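Notes follow once the structure below has been shown.
Counting from 1, the numbers follow the sequence of the chain as shown. Bear in mind that the values here come from a model prediction, so they are computed numbers and not experimental data.
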Amino acid sequence: MSLTFHWFLPTNGDSRHVVGGGHGTPATASGRDRPPTVAYLSQIARAAEDVGFVGALTPTGAWCEDAWLTTAMVSQNTERLKFLVAFRPGFVSPTLAAQMASTFQRQTGGRLLLNVVTGGESHEQRAYGDFLDKDDRYRRTGEFLQIVRELWKGETVDLVGEHLQVEDARLARVPDPVPEVYFGGSSPIAGEIAARHADVYLTWGEPPAAVAEKIAWIRALAEKEGRSIRFGIRLHVISRDTSEQAWAEARRLLDGFDTETVRAVQAGLARSESEGQRRMLALHGGSRDELEIHPNLWAGIGLVRGGAGTALVGSHDEVAERIAEYHRLGIDEFVLSGYPHLEEAYWFGEGVLPRLEAQGLWSHPFRSAPAVPPVAQVPFADAGDRR
């Protein structure tokens, strides 16, 4: 099975420095260096498409542009790239979300993937009118996905749940293909919902031993549900021709973190109810020291950014080795990013992917796509009535 790689659309802004924010903290000032215009995001998307990324993750939250609207616009400037749209079930009805996904599939030729984000920050959720606690948000997500899945099958749905209720719900047109559901979460209730509903379980970039434990946990839960799940990992990447060049770039990014920004971001992230965020914070402890927590795995990004806070750093060969290491654990999909996202897409795509291809671990998803057959020409004399 060929590995699958996705890139990232920085709808919170891009820069040659790390753009912080997320998980209830605002985007840092560097996010204004390259505003997230449709033109710029389309540039990144086309670059990702060209070098061989299958899709691109688009985040959700108050710190960034809306993912549904942005990807719908960017999709018109690309041909094959899929869009891993992050959204929060508590902010939209399940029937409307199922309809939106169906429309997206038809208008883009089946290029939608869904990243379901339950929401780990109550203070941010309340700003959107959602006052459930964390565990109840996950239970609502389970009901939401149950309804959506049934609607996508063409069924008429009547459900009175603990948090959601629909009556005589049905789609006029079901999506083709049905979008795959990507889902993450490190708490016990998150694992239960993932086991029942996820196609791909996503984890943030922890050291391999911790990732192996997560995979075993989710796989066992899914087996109890009679299901199998694929696994993916979310990481940043700094890949260069030599290890020295890569680590020099990591140090340059770290030097751009002023002490007050780190303090403010860490204070904001400390309020997080997310178990995954807690695990990210524990990797660096708010300190600039000893940030290489596993060979070529650097926790520096997490000093100023919520959510995914680790990066693969090294030569193209070293980064390829770390990817193969995660793959041996059971990771088949990699959701990557780097600052700035346009340039780093090429560094990774032109440096690492060819090495993985040479090892038989990856092949370009579009290079061997069959050409569209030409339309048959009807001889003029036999054309007949063309009304």
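- By the 4.5 Å heavy-atom criterion applied to side chains, P10 and V19 are not counted as neighbours.
- Panel note: side chain E225, backbone A195; no donor-acceptor pair is recorded below 3.5 Å.
- F83 and V92 fall within the same hydrophobic cluster, defined by Ile, Leu, Val, Met, Phe, Trp and Tyr side-chain heavy atoms under 4.5 Å apart, directly or through other members.
- By the criterion of side-chain heavy atoms lying less than 4.5 angstrom apart, applied directly or through intervening Ile, Leu, Val, Met, Phe, Trp or Tyr residues, V74 is grouped together with F53 in one hydrophobic cluster.
- The shortest side-chain heavy-atom distance between Y326 and L329 falls under the 4.5 Å cut-off.
- By the 6.0 Å and 45° rule, R305 stacks over the aromatic ring of F8.
- Between Q105 and P175, the closest heavy-atom pair is CG-CB, 3.9 Å.
- A heavy-atom distance below 4.5 Å is not found between the side chains of E206 and E213.
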Under 3.5 Å, which donor-acceptor pairs do the side chains of residues 356-363 form with other protein atoms, sequence neighbours left out?
| from | atom 1 | to | atom 2 | distance (Å) |
| --- | --- | --- | --- | --- |
| E357 | OE2 | R367 | NH1 | 3.2 |

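- F104 and W68 have perpendicular rings, their planes meeting at more than 60° on a 0 to 90° scale where under 30° would count as parallel.
- Looking only at side-chain heavy atoms (C-beta outward), R279 and E275 come within less than 4.5 Å of each other.
- Hydrophobic clustering, with ILVMFWY side chains joined whenever heavy atoms are under 4.5 angstrom apart, groups I233 together with V237.
- Taking 4.5 Å as the limit, some side-chain heavy atom of R34 sits within range of a side-chain heavy atom of L342.
- No single ILVMFWY cluster, assembled from side-chain heavy atoms under 4.5 Å apart, contains both F348 and I238.
- Taking every heavy atom of both residues into account, Q266 and G286 meet most closely at OE1-CA, 4.0 Å.
- When only modelled atom types and interatomic distance are considered, T141 and T118 share a side-chain donor-acceptor pair under 3.5 Å.
- Q146 and R196 share no side-chain donor-acceptor pair at under 3.5 Å.
- With contacts defined as side-chain heavy-atom distances shorter than 4.5 Å, the pair S42/M73 does not qualify.
- Under the 4.5 Å side-chain criterion, counting only non-hydrogen atoms from C-beta, L283 is in contact with P207.
- Ring geometry for F144 versus F87: interplanar angle of 30 to 60°, hence tilted.
- Checking E350, E344, E343, E318 one by one against R240, the salt bridge (charged side-chain N to carboxylate O under 4.0 Å, His left out) holds for a single residue, E344.
- Around the CZ atom of R288, the shell of radius 6.0 Å holds more than 12 heavy atoms that belong to other residues, nucleotides or ligands.
- Nearest approach of E292 to W298, heavy atoms of both residues: N-CD1, 4.3 Å.
- The two residues V18 and I301 come nearest to each other via the heavy atoms CG2-CD1, 3.6 Å.
- A donor atom on one side chain and an acceptor atom on the other are found under 3.5 Å apart for T78 and R111.
- The shortest distance between side-chain heavy atoms of W63 and T25 does not fall below 4.5 Å.
- V200 and W152 fall into different hydrophobic clusters, where Ile, Leu, Val, Met, Phe, Trp and Tyr are joined by side-chain heavy atoms under 4.5 Å apart, directly or via other members.
- Side-chain polar atoms of S102 and R106 form a donor-acceptor pair below 3.5 angstrom.
- One side chain, T28 or S30, offers a donor N or O that lies under 3.5 Å from an acceptor on the other.
- Ring geometry for F183 versus Y138: interplanar angle over 60°, hence perpendicular rather than tilted (30 to 60°).
- Note: W7 and H341 have perpendicular aromatic rings, judged against thresholds of 30 and 60 degrees for the angle between ring planes.
- The two residues P94 and V148 make their nearest non-hydrogen contact at O-CG2, 3.5 Å.
- Under the side-chain contact (heavy atoms from CB on, under 4.5 Å) test applied with H6, the options N115, V54, L57, L336 reduce to a single match, V54.
- The minimum heavy-atom distance linking D14 with P340 is given by the pair OD1-CA, 3.6 Å.
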